[in-house]
Amino acid sequence: TCHRLIADDALAVLKNIVSNSVFKETVTLEILEKYLTIDRELAEAIAYDLESYKLVDILNLAELIAINKDPSVVAALANNRRAPKKVLRDLLNHPDPLVVDRASESLK
């Protein structure tokens, strides 16, 4: 059932599935990478819960989110104190002041 939901393209389904525990234990980086491009709120939810995706290299995922074109998605990552410190330090040089501020706070 979870695999069918992962393939669903309904935004409401995707927004719910990213917080599902079975999804978090089985999702791949490729699927999350696709989800990051679908919707801002979906991408923000992934950024806020970055470390919960068990099969994914968190550093790779964080680096993908850090280069997202939407500053609110990058700010969601910067606001995640559990994000890789290397990525948070890199975000201190981001052009958006909100991202810089949140990364600075997360590093404290």
Query raised in the report: Could you walk me through whether V73 and I65 pass the side chain to side chain contact (heavy atoms under 4.5 Å, CB included) check?
Result: CA-CA 7 Å; V73 173; I65 296 168; 3.9 Å; yes
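Using a 4.5 Å cut-off on side-chain heavy atoms (C-beta onward), P71 and L98 make no contact. In this structure, the side chains of T28 and L55 stay at 4.5 Å or more apart for every pair of heavy atoms.
K108 is linked by a salt bridge (Lys or Arg N to Asp or Glu O under 4.0 Å) to E105, counting only residues two or more places apart in sequence or in another chain. For D96, the salt bridge (Lys or Arg N to Asp or Glu O under 4.0 Å) test picks out no residue, with sequence neighbours left out.
Screening residues 10-19 for side chain to side chain donor-acceptor pair (under 3.5 Å), with sequence neighbours left out, gives K15-E41.
Rounding to the nearest 0.5 angstrom, the gap separating the CG atom in D39 from the CG atom in L14 is 9.0 Å. With values rounded to the nearest 0.5 angstrom, N80 atom CG is found 9.5 Å from I58 atom CD1. We find the CD1-CD distance between I38 and E33 to be 11.5 Å, quoted to the nearest 0.5 Å. Annotation: the span from I67 atom CD1 to D90 atom CG amounts to 12.0 Å, rounded to 0.5 Å.
Counting all heavy atoms, side chain and backbone alike, L88 lies closest to A78 at CD2-O, 3.6 Å. Of all heavy-atom pairs spanning L32 and L61, the tightest one is CD1-CD2, 3.8 Å. Contact detail for N68 and A43: the closest heavy-atom pair is ND2-CB, 4.5 Å. Residue A75 comes nearest to V99 through the heavy atom pair N-CG2, 3.7 Å, listed as atom of the first residue, atom of the second, then distance. The two residues L50 and P84 come nearest to each other via the heavy atoms CD2-CD, 3.7 Å.
Both V18 and L11 are assigned to one and the same hydrophobic cluster, defined by single-linkage of ILVMFWY side chains at heavy-atom distances under 4.5 Å. Residues L42 and L29 share a hydrophobic cluster, clusters being chains of Ile/Leu/Val/Met/Phe/Trp/Tyr side chains in contact below 4.5 Å. Linking Ile, Leu, Val, Met, Phe, Trp and Tyr residues whenever their side-chain heavy atoms come within less than 4.5 Å leaves V74 and V100 in two separate clusters.
Between the side chain of R82 and the backbone N or O of Y48, at least one donor-acceptor pair lies under 3.5 Å. Between the side chain of S106 and the backbone N or O of R102 there is at least one donor-acceptor pair closer than 3.5 Å.
For S52 and D49, the side-chain atoms include at least one donor-acceptor pair closer than 3.5 Å.
In this structure, Y53 and F23 have perpendicular ring planes: the angle between them is above 60°, well past the 30° mark.
For E30 and K34, the salt-bridge test fails: no basic side-chain N is under 4.0 Å from an acidic carboxylate O.
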